[in-house]
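Hydrogens, waters and symmetry mates play no part in the numbers below; they use all other heavy atoms, side chains included.
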Amino acid sequence: MRRMEFHFENNQLQLLYGEKIAGYIQLADLPKDEGKVILKTFVDQDFRGEGLAGDLMDQLLQLAEKNNWKLKSQCSYATHYFENHPEYENYLIY
């Protein structure tokens, strides 16, 4: 049985299922090392409906905490996620 694992490289947080990318969050750097812009959240159609986009966001928040990042959302999913999770507002910059 293959397991899912996260991989972060080149401003992309990937959720891998074996060798297949089940989903990812694409990021960009904010100026002056202020943090990251969330550009896109994507889950492959074969994996949709399993809550993986939320799992990706949870992992991103762990990375943000570990690396002292602030986050800015330009992604509709991420914006919706933060609206439904006001406890993470301290990670956001507008």
From [atom1] ([X]) to [atom2] ([Y]), nearest 0.5 Å:
{"X": "Glu34", "Y": "Asn68", "atom1": "CD", "atom2": "CG", "answer": "13.0 Å"}
{"X": "Ser73", "Y": "Lys36", "atom1": "OG", "atom2": "NZ", "answer": "15.0 Å"}
{"X": "Gln14", "Y": "Tyr24", "atom1": "CD", "atom2": "OH", "answer": "9.5 Å"}
{"X": "Leu56", "Y": "Ile25", "atom1": "CG", "atom2": "CD1", "answer": "4.5 Å"}
{"X": "Lys70", "Y": "Leu30", "atom1": "NZ", "atom2": "CG", "answer": "11.5 Å"}
{"X": "Gln12", "Y": "Ile21", "atom1": "CD", "atom2": "CD1", "answer": "6.0 Å"}

Would you say [X] has more than 12 foreign heavy atoms packed within less than 6.0 Å of its [atom1]?
{"X": "Lys40", "atom1": "NZ", "value": "no"}
{"X": "Glu89", "atom1": "CD", "value": "no"}
{"X": "Glu5", "atom1": "CD", "value": "yes"}
{"X": "His85", "atom1": "NE2", "value": "yes"}

Does any part of the side chain of [Y], heavy atoms only, come nearer than 4.5 Å to the side chain of [X], both counted from C-beta?
{"X": "Leu27", "Y": "Leu60", "answer": "yes"}
{"X": "Leu52", "Y": "Asp44", "answer": "no"}
{"X": "Phe6", "Y": "Gln62", "answer": "no"}

Side-chain heavy atoms under 4.5 angstrom apart, residues restricted to Ile, Leu, Val, Met, Phe, Trp, Tyr: same cluster for [X] and [Y]?
{"X": "Val37", "Y": "Leu61", "value": "no"}
{"X": "Leu63", "Y": "Leu15", "value": "yes"}
{"X": "Met4", "Y": "Phe42", "value": "no"}
{"X": "Leu71", "Y": "Tyr94", "value": "yes"}
{"X": "Ile38", "Y": "Leu92", "value": "yes"}

*Gln45: what forms a side chain to side chain contact (heavy atoms under 4.5 Å, CB included) with it, not counting sequence neighbours?*
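In terms of side chain to side chain contact (heavy atoms under 4.5 Å, CB included), with neighbours along the sequence ignored, Gln45 is linked to Arg48.
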
_Can you list everything that forms a side chain to side chain contact (heavy atoms under 4.5 Å, CB included) with Asp33? Sequence neighbours excluded, please._
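With neighbours one apart ignored, the set is empty.
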
State, to 0.1 Å, how close [X] and [Y] come at their nearest heavy-atom pair, and which atoms those are.
{"X": "Val43", "Y": "Ala53", "result": "CG2-N, 3.8 Å"}
{"X": "Ala64", "Y": "Tyr91", "result": "CB-CD2, 3.9 Å"}
{"X": "Gln26", "Y": "Asn11", "result": "NE2-O, 3.2 Å"}

*Mind checking whether Tyr81 and Tyr88 have parallel, tilted or perpendicular rings, split at 30° and 60°?*
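Aromatic pair Tyr81/Tyr88 classed parallel.
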
*Glu9 and His7: side-chain donor and acceptor closer than 3.5 Å?*
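Glu9 vs His7: donor-acceptor pair found between side chains.
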
*Which residues pass the ring-ring contact (aromatic ring centres under 6.0 Å, His included) test with Phe8, sequence neighbours left out?*
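Here the qualifying residues are Trp69.
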
